[in-house]
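Computation of the quantities below employed the complete heavy-atom set of this structure, encompassing side-chain atoms and omitting hydrogens, waters and symmetry-equivalent molecules. Each chain gets a letter, A, B and so on, in the order its sequence line appears, and its residues count up from 1. Just so you know, these numbers come straight off a predicted model, no measurement behind them.
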Amino acid sequence: RADPKVADTILRNGLNNRYRVLEVSVIQRNGSDPEKHLTITASPSLEETELCILRNGWESVPVVPGDIVHLEGECSSGTWVINAQCGYLVLYPDLLLSGTTISNSIRCMRRAVLSERFRGSESGSRQMLVGTILHDIFQQSVTNILTQEKVQELANKIVYGQKYLKEMYQLNLKQAQIMQEVEEYLPSFFKWAEDFMHNPANQNKMQLKLSNGGKTEDVSSNIEIVDILDIEENIWSPRFGLKGKIDVTARVKIHCQSGVQSRIMPLELKSGKESNSIEHRSQVILYTLLNLERRVDPEAGFLLYLKTGTMYPVSGARMDRRELMKLRNHLAFYLTHSTCKSDVGKQNSQLSALPPVIDDSQACKYCSQMNNCFLYSRAVEQNMASVAFPPAMVPVIDRETQHLKPSHLEYFSLWYLMLTLELQSGEHKKGYKNIWMIPSLEREKAGDCVGNMIRVDEVDEISEGQYLHFFQRRNGAVPGTNLLVGDRVVVSGEEKGLLGLATGYVREVSATKVSCLLGRNLSHLPENTVFRLDHDEGDVGTGVPFENLSKLMRDSPVSERLRNLIIDFQKPHFIQHLSTVLPPQAKETVANILKGLNKPQKQAMKQVLLSKDYTLIVGMPGTGKTTTICALVRILSACGFSVLLTSFTHTAVDNVLLKLAKFKVGFLRLGRAQKVHPDIQKYTEEEICRSRSIKSVTDLEELYNSQPVVATSCMGVNHPILVRKQFDFCIVDEASQISQLICLGPLFCSKRFVLVGDHQQLPPLVLNAEARDLGMSESLFKRLEQNQNAVVQLTVQYRMNSKIMSLSNMLVYEGKLECGSEKVSNATVNLPNLKKLKLDLGDPSKTWLKEVLDPDTPVCFLNTEKAGCKPSDIGIISPYRHQLKTITDLMAKWKENRVEVNTVDKYQGRDKSIIIVSFVRNSMDENLGTLLKDWRRLNVAITRAKHKLVMVGCVPSLCCYPPLEKLLCHLQSQAMISFFCTLVWERGEVRLTC
DNA sequence: GCTCTGCAGAGAGGA
C-alpha cells in the first residue's frame with residue numbers, strides 16, 4: 001500500500017473512474033469456477049469501499065492489493081460484476097499500450113515486453129519501408145479522391161521526395177528500386193476504390209455482425225465507403241489503457257436487407273501477405289475499442305490488403321475484445337512489475353522474471369528480440385529458482401550467449417536493474433497521464449500546460465508532414481508558462497475523448513499566441529474546438545541506454561572490444577612514435593595549431609594521436625576544454641581522420657562548434673535545427689537539405705560523406721549516418737556528466753575515443769536513490785579513470801584569479817591547478833563607481849560593505865545596485881531552487897535586472913566575473929540534506945568566478961558538512977573568514993551581519 | 001530531502 005508508484009494516483013468515480021484495490025480474495029465454490037473478489041475504493045481516505053467480482057476467466061487477471069484499476073460496466077449497490085457477458089477490468093489504465101504491442105503479444109508476450117524496453121532493436125527492413133510508403137500513398141489518395149494519373153504522380157512525388165530519404169540511405173536502397181515495388185501495388189488500389197468507393201451496388205457481399213434494435217445479428221451486406229474522415233488518427237484511451245494510430249477512419253454505408261446503416265469505422269491497411277491473421281484482426285478489434293473514445297461503437301472494422309485490394313470485415317465482438325483486454329492486463333502487469341523487492345525484510349530491489357520463453361524455436365529464429373530475450377534469461381533468470389525454460393530452448397540460449405563472460409552478464413543485469421529503477425522514478429514524476437488526470441486550469445498553475453486555446457489563422461504546411469498551427473487564448477492573454485521555443489507539446493481537445501490529437505514542437509510563444517509545428521493537420525476539426533497544449537516530458541532518454549546496453553552485449557567485434565575495455569578494464573594501448581600517425585603534409589598545420597596551446601594541452605594532443613583505444617582528458621575548471629577540443633578536432637582532421645563530436649547537451653556541442661566555425665574545418669551538425677544554436681543552424685542537416693533541396697539518396701549520401709567532422713548529441717545515435725559510418729575518433733565533451741550507457745552510444749561507430757570531463761565536478765543526474773546507491777551515477781569517464789596511463793590533465797586555468805583558484809586547489813585538486821598567466825592570477829573586478837560609493841557608506845552599520853567591495857578582497861558581499869559593474873557580469877548561485885526563487889523575487893523590484901540567478905548544477909561549464917554563492921543553511925538540525933555533502937557540487941560552486949567570489953552562509957551550520965568544513969577552515973587560516981557574512985532571516989527580511 | 005538533460009514514435013512486414 002505504501003508503494004510510491006501509486007501513492008499520488010488520483011482516485012475517482014464515474015466514466016473515467018480510478019479505483020485502488022485494497023484486498024484480493026479468491027472464492028472457490030463447489031462445482032463452479034473460482035471467483036476473485038476485490039475490495040476497492042475510489043475515495044482518497046480509502047474508507048468508502050465497493051466490491052468487484054471477477055468471473056468467467058477474469059479471475060486470472062494478475063491484480064494485487066495496491067493496484068489501480070479502471071472498471072467498465074455496471075455497478076449496482078456498490079457491487080461490480082465483471083464476467084463473460086459484461087464489464088471490463090483495466091489494470092493500470094494510465095499505462096496506455098498500443099494496438100500493435102498487444103497484438104504482438106498474442107504469440108509471445110515476452111517479445112512484446114522486450115519490445116517496449118528495446119525499441120530500436122528492429123532496425124527496419126525494405127518491406128517495412130515500402131509498407132510505410134504505400135500507406136502514405138494510399139492515405140493521401142483516398143483523402144483527396146485522386147484519379148489514377150494523379151495517384152501515379154503522387155507515388156512519384158513521395159518516392160522521389162525528401163520524406164523517406166534517410167530511411168532509404170540507412171537501408172542502402174535506391175529510389176528506383178522502391179518505385180518499382182510501389183508500382184506493383186497501384187492497380188490494386190484502383191480495384192479497391194472501384195469496388196468500395198464508387199460502386200454502392202457492388203457485388204462484394206460481406207458478413208457483418210452488427211447490433212440492430214437491441215440484438216446482434218449476422219447480416220450479409222454490401223459495403224460502401226462514402227467518406228474519408230481522417231487518416232493516421234491518433235487516439236489515446238485512458239478508459240481501456242490503449243493507444244493507437246488508425247490508418248483510415250471512414251464513414252461507411254452498410255446496405256443490407258433491413259435497410260441502410262451509416263457508421264464511422266476503422267480501416268487497417270496491410271501491404272504484406274494477405275494472411276487475415278489473428279494478429280491483424282486483433283489490431284482492428286482494438287481500434288474499434290479506441291473508437292469508443294470519440295464516437296459511437298463501430299462494432300466492426302476492416303482489414304485491407306493493399307497487394308490485392310481485398311478487404312475483410314472484422315467484428316469487434318465482445319468475446320474477442322474481452323480476451324484482448326485480458327492480454328493487455330497481463331502485459332501491463334509485467335511492464336509495471338519489472339522489479340520486485342527481494343526476500344522479506346530486505347529492501348533491495350531485484351529484477352523480476354519476464355513472461356516465459358515460448359517453446360517454439362522456429363518462431364524464435366526470426367524474432368527481432370531474440371538476442372535480448374536470451375540475454376535476459378542467461379543473465380537474470382537462470383539464477384531464479386522459479387523460472388523454468390522449455391528444455392529444447394536451453395541449449396539454444398546457451399549457444400547464443402556463449403560469447404559473454406560472467407563479468408559481462410553481471411554488468412548487464414546490474415545496469416538493467418539500475419535503468420529499470422530509474423525508469424520507474426521518471427514515470428512516477430512525468431508521464432502523459434497528467435493530461436487526462438489533471439484539468440488544464442490546474443496544470444497551468446505549474447506552467448506545464450496552456451488550456452482554453454482556439455486555433456486561429458490558416459494551417460501552414462512547412463514541409464511534408466510538418467504543419468504550423470497558431471493558437472490563441474479564448475479569453476485574454478496566454479498565462480505565464482514554462483513552455484519554451486523548441487519544447488515538445490501534446491495538443492489535445494479540452495473536451496474529453498480528444499486526447500493526443502497531435503504532437504509537435506513550440507515555434508513561438510507570445511503574450512497572445514502560441515504557434516506549434518505539429519505532425520498532423522488539425523484544420524479538419526470543428527472551428528470551435530477548444531485545445532490544451534501540454535508540455536511533453538515524454539519518456540525521453542529511457543530507450544537509448546537500454547538499447548546501448550543490448551548493443552554492448554552483441555556478438556560482434558566492435559561490441560567485444562568495448563566490453564573488454566569498459567567491463568573488463570583491459571589496458572588501453574598506445575603506439576610509440578608520433579611519426580607513424582602524423583602524415584608529412586599535415587606536420588606544418590599541426591605545428592601551427594600546437595603553437596597556440598599550453599603545455600598540458602599539447603600533451604593531451606599527443607596522447608590522443610598516439611592512442612589506439614582511448615584517452616581521458618581531465619579538464620579542470622577554466623582550463624580551456626573547449627579550446628582544447630577545438631584544437632584536437634583541427635589536428636585530427638588535418639591528419640585526415642574522421643571525427644564524431646558529441647556531448648550530452650546540444651549547448652555543449654554547439655559551444656565547441658561555435659569556436660570551430662572560425663577555422664577552416666568543415667562539419668555537419670545533426671539534430672533538430674530548433675535545438676541548435678542560431679549561428680550553427682546553417683550547418684545542420686535539416687538546413688542544408690532545405691537550402692540545396694536534396695531529393696535523392698545519392699545527394700544525401702554525398703552530403704553525409706562530405707564532411708570528415710560530424711557533430712551530434714549522445715542521444716542522437718540512432719541517426720542513419722551513425723548506423724552506416726565508422727569514424728576514426730569520437731570525442732565526448734562533458735563526459736563526466738553523462739550517464740555511462742548514454743555515453744557509450746556514439747562509441748560504437750568509432751575506432752578510438754576521447755572523453756573530456758572532470759569527475760571532481762557534478763556526476764550524471766540519477767533520480768532513483770537505490771539506483772544511485774548501486775552505482776548508476778558513475779560516468780564512463782569516472783569508470784575508466786582508474787587506467788591512469790590513459791589520463792591527461794589540463795591544469796593551467798584562465799578563469800579564476802589566484803585567490804579564488806586556491807580554494808578549489810585546496811579542496812579537491814591537491815594544488816595541481818595553476819594560473820595561465822600573471823594577468824589571470826591578479827585579475828580583480830573593475831568597479832568604476834567605487835570611490836563615490838564608499839563615501840555613501842559612511843554609516844558604521846555599512847562598514848562591512850566597504851570591505852566587501854574592495855576589489856582586492858576575494859570573499860565578500862557586493863551590492864550590485866550601486867557599485868557600477870554590469871549586472872550581466874554577476875551570477876548568483878545556490879544549491880537550492882527555492883532560494884533562487886526568493887532571490888529572484890527580491891530582485892524583481894529593480895528596474896534593470898540582468899543578474900543571472902541559477903542553481904549550482906546549472907552553472908556547471910560556465911563562468912562570470914563575479915559570483916555570489918548563497919549556501920542557505922541556517923540550522924544545527926540533524927537533517928543535513930545531501931546536496932551540500934557533495935564535494936563536487938561545492939567545487940563547481942567555487943570555481944565559476946573569474947575575479948570575485950562572494951559566499952554567504954551561516955558558518956557554524958555549514959561546518960556540519962565535511963566539504964564546507966574543510967573550505968571554511970582554509971578560509972579562516974587564510975584570514976579570509978573575517979569578511980564572511982551571515983545571512984539571517986527575520987520576519988521575511990534579509991539582514992546581514994558580519 | 002528537494003539537484004533535472006536528453007527526444008518522434010506507433011507501426012512499417014516476416015514466419
Side-chain angles (χ1 to χ4, degrees), chain A residues 96-101 103-104 107 115-116 119-120 122 124-136 164 167 232 234-236 243-247 268-273 275 277 279-280 283 307 360 362-368 425-426 429-430 465 486-488 490 500 502-505 518-519 536-545 647-652 671-672 674-675 713-718 734 737-739 742 745 762-767 769 777 878-884 902-908 925 927-934 936-937 940:
Chain A
L96 307 188
L97 296 178
S98 75
T100 40
T101 297
S103 54
N104 274 333
R107 293 222 179 172
S115 306
E116 288 286 297
R119 280 161 175 243
E122 305 175 60
S125 64
R126 198 190 79 249
Q127 288 92 332
M128 283 174 168
L129 178 56
V130 172
T132 310
I133 293 174
L134 284 167
H135 272 68
D136 199 351
Y164 298 102
E167 284 95 332
E232 294 288 306
N234 190 47
I235 304 183
W236 291 349
K243 65 183 168 188
K245 280 188 174 161
I246 295 164
D247 283 337
E268 170 64 17
L269 313 177
K270 295 288 172 197
S271 58
K273 220 183 249 171
S275 63
S277 65
E279 282 87 352
H280 288 177
Q283 234 176 306
K307 210 172 231 167
D360 185 349
Q362 203 54 30
C364 296
K365 217 157 77 186
Y366 300 100
C367 175
S368 56
S425 282
K429 285 207 164 166
K430 301 171 184 175
D487 279 355
R488 283 186 58 82
V490 178
T503 57
Y505 294 86
L518 303 176
D536 177 11
E537 289 121 342
D539 48 16
V540 279
T542 53
V544 171
S647 184
F648 189 43
T649 61
H650 290 289
T651 325
R672 280 192 62 84
Q674 284 256 26
K675 291 282 182 184
S713 79
C714 283
M715 304 292 268
V717 287
N718 286 325
E734 309 271 10
Q737 263 191 293
I738 309 175
S739 180
I742 292 174
L762 287 165
L765 183 79
V766 177
L767 297 169
S777 59
S878 169
Y880 304 96
R881 231 167 222 293
H882 278 291
Q883 176 74 354
L884 300 176
N902 231 324
T903 56
V904 178
D905 301 58
K906 282 216 165 183
Y907 249 100
Q908 180 154 332
D925 273 1
N927 293 334
L928 289 181
T930 52
L931 288 193
L932 285 173
K933 282 185 190 159
D934 197 319
R936 297 162 296 195
R937 184 167 285 108
V940 171

With respect to the phosphate group of B/dC7, does any side-chain polar atom (N or O) of A/S713 fall under 4.0 Å of OP1 or OP2? yes
Heavy-atom nearest nucleotide on DNA chain B for A/G272 versus A/G244: which residue maps closer to 5'? A/G244
Provide the distance between the two C1' atoms, one in B/dA12 and one in B/dA8, to the nearest whole Å. 15 Å
For B/dC7 and A/H650 - does any side-chain N or O of the residue sit under 4.0 Å from the phosphate oxygens OP1/OP2? yes
Using a heavy-atom cut-off of 4.0 Å across all strands, would you classify A/T649 as base, sugar-phosphate, or nothing? sugar-phosphate
Can you tell if the side chain of A/H280 reaches within under 4.5 Å of the side chain of A/K270, non-hydrogen atoms only? yes
So what does A/N234 touch, heavy atoms closer than 4.0 Å: a base, only the sugar-phosphate, or nothing? nothing
To the closest 0.5 Å, what do you measure between CD1 (A/I738) and OG1 (A/T649)? 8.0 Å
Nearest-Å distance, CG (A/L129) to C1' (B/dG14)? 15 Å
Rounded to the Å, how far apart are A/E167 CD and B/dA12 P? 14 Å
Looking at side-chain heavy atoms only, is the closest gap between A/Y164 and A/D136 below 4.5 Å? yes
Starting the side chain at C-beta, find the nucleotide from B/dG13, B/dA8, B/dT3 nearest to A/Q127. B/dG13
Tell me: CE of A/M128 to C1' of B/dG13, nearest whole Å? 5 Å
Starting at atom CZ of A/R119, determine the distance to atom C1' of B/dC7, rounded to an integer number of angstrom. 12 Å
Enter the distance from A/I742:CD1 to A/Q737:CD here, rounded to the nearest 0.5 Å. 12.0 Å
Does the side chain of A/T503 reach to within under 4.5 Å of the side chain of A/R488, using non-hydrogen atoms? yes
A quick test of your reading: do over 12 heavy atoms of other residues, nucleotides or ligands sit less than 6.0 Å from CZ of A/R107? no
Closest to the A/L931 side chain, choosing from B/dC2, B/dA12, B/dC4: B/dC2
Can you tell me which stems DNA chain B forms when a stem means 3 or more consecutive Watson-Crick or G-U pairs under 3.5 Å? none
Measure the spacing between OG of A/S271 and CG of A/L129 and express it to the nearest 0.5 Å. 10.5 Å
Heavy atoms under 4.0 Å, any strand shown: does A/G99 hit a base, just sugar-phosphate, or nothing? sugar-phosphate
Check every strand shown and say whether A/R937 touches a base, only sugar-phosphate, or nothing at a heavy-atom separation below 4.0 Å. base
Given B/dG6, B/dG14, B/dC4, which nucleotide is nearest the side-chain atoms of A/N104? B/dG14
Supply the atom-to-atom distance A/D247 CG to A/H135 NE2, rounded to the nearest 0.5 angstrom. 4.0 Å
Is there side-chain contact between A/Q283 and A/T100, with at least one heavy-atom pair below 4.5 Å? yes
Among B/dC7, B/dC2, B/dG13, find the nucleotide with the atom closest to the side chain of A/Y880. B/dC2
Which part of the nucleic acid does A/K365 contact within heavy-atom distance under 4.0 Å: base, sugar-phosphate only, or nothing? nothing
Closest approach to the side chain of A/M715, judged atom by atom: which nucleotide of B/dC7, B/dT3, B/dA15 is it? B/dC7
Would you mind reporting whether A/P879 and A/L932 have side-chain heavy atoms less than 4.5 Å apart? yes
Side chain of A/Y505 only, heavy atoms from C-beta on: which candidate in B/dG6, B/dA8, B/dC4 is closest? B/dA8
Rounded distance in Å - NZ (A/K270) to P (B/dG11): 9 Å
Between B/dC7 and B/dT3, how far is it from one P atom to the other, in whole Å? 24 Å
When the distance from CG of A/D934 to P of B/dT3 is rounded to whole Å, what number comes out? 13 Å
Checking B/dA8, B/dT5, B/dA10 against the side chain of A/R488 (C-beta onward), the nearest is B/dA8
Rounding to a whole Å, what distance do you find between A/H135:NE2 and B/dG11:P? 10 Å
Contact class for A/E268 vs. all strands (heavy atom < 4.0 Å): base, sugar-phosphate, or nothing? sugar-phosphate
Under 4.0 Å between any heavy atoms, over every strand shown, what does A/Q737 touch: base, sugar-phosphate, or nothing? Just pick one. nothing
Reckon A/T132 has a side-chain N or O less than 4.0 Å from the OP1 or OP2 of B/dG11? no
Using the side-chain heavy atoms of A/K273, tell me which of these nucleotides is nearest: B/dA10, B/dC7, B/dA15. B/dA15
Base, sugar-phosphate, or nothing for A/T903, non-hydrogen atoms under 4.0 angstrom? sugar-phosphate
Could you check whether A/S271 gets within reach of a base, just the sugar-phosphate, or nothing at all, counting any heavy atom under 4.0 Å? sugar-phosphate
For B/dG13, does OP1 or OP2 lie under 4.0 Å from any side-chain N or O of A/S125? no
Whichever of A/Q362 and A/K245 has the more 5' nearest nucleotide on DNA chain B, that residue is A/K245
Value in whole Å for how far the P atom of B/dC2 lies from CG of A/L765: 14 Å
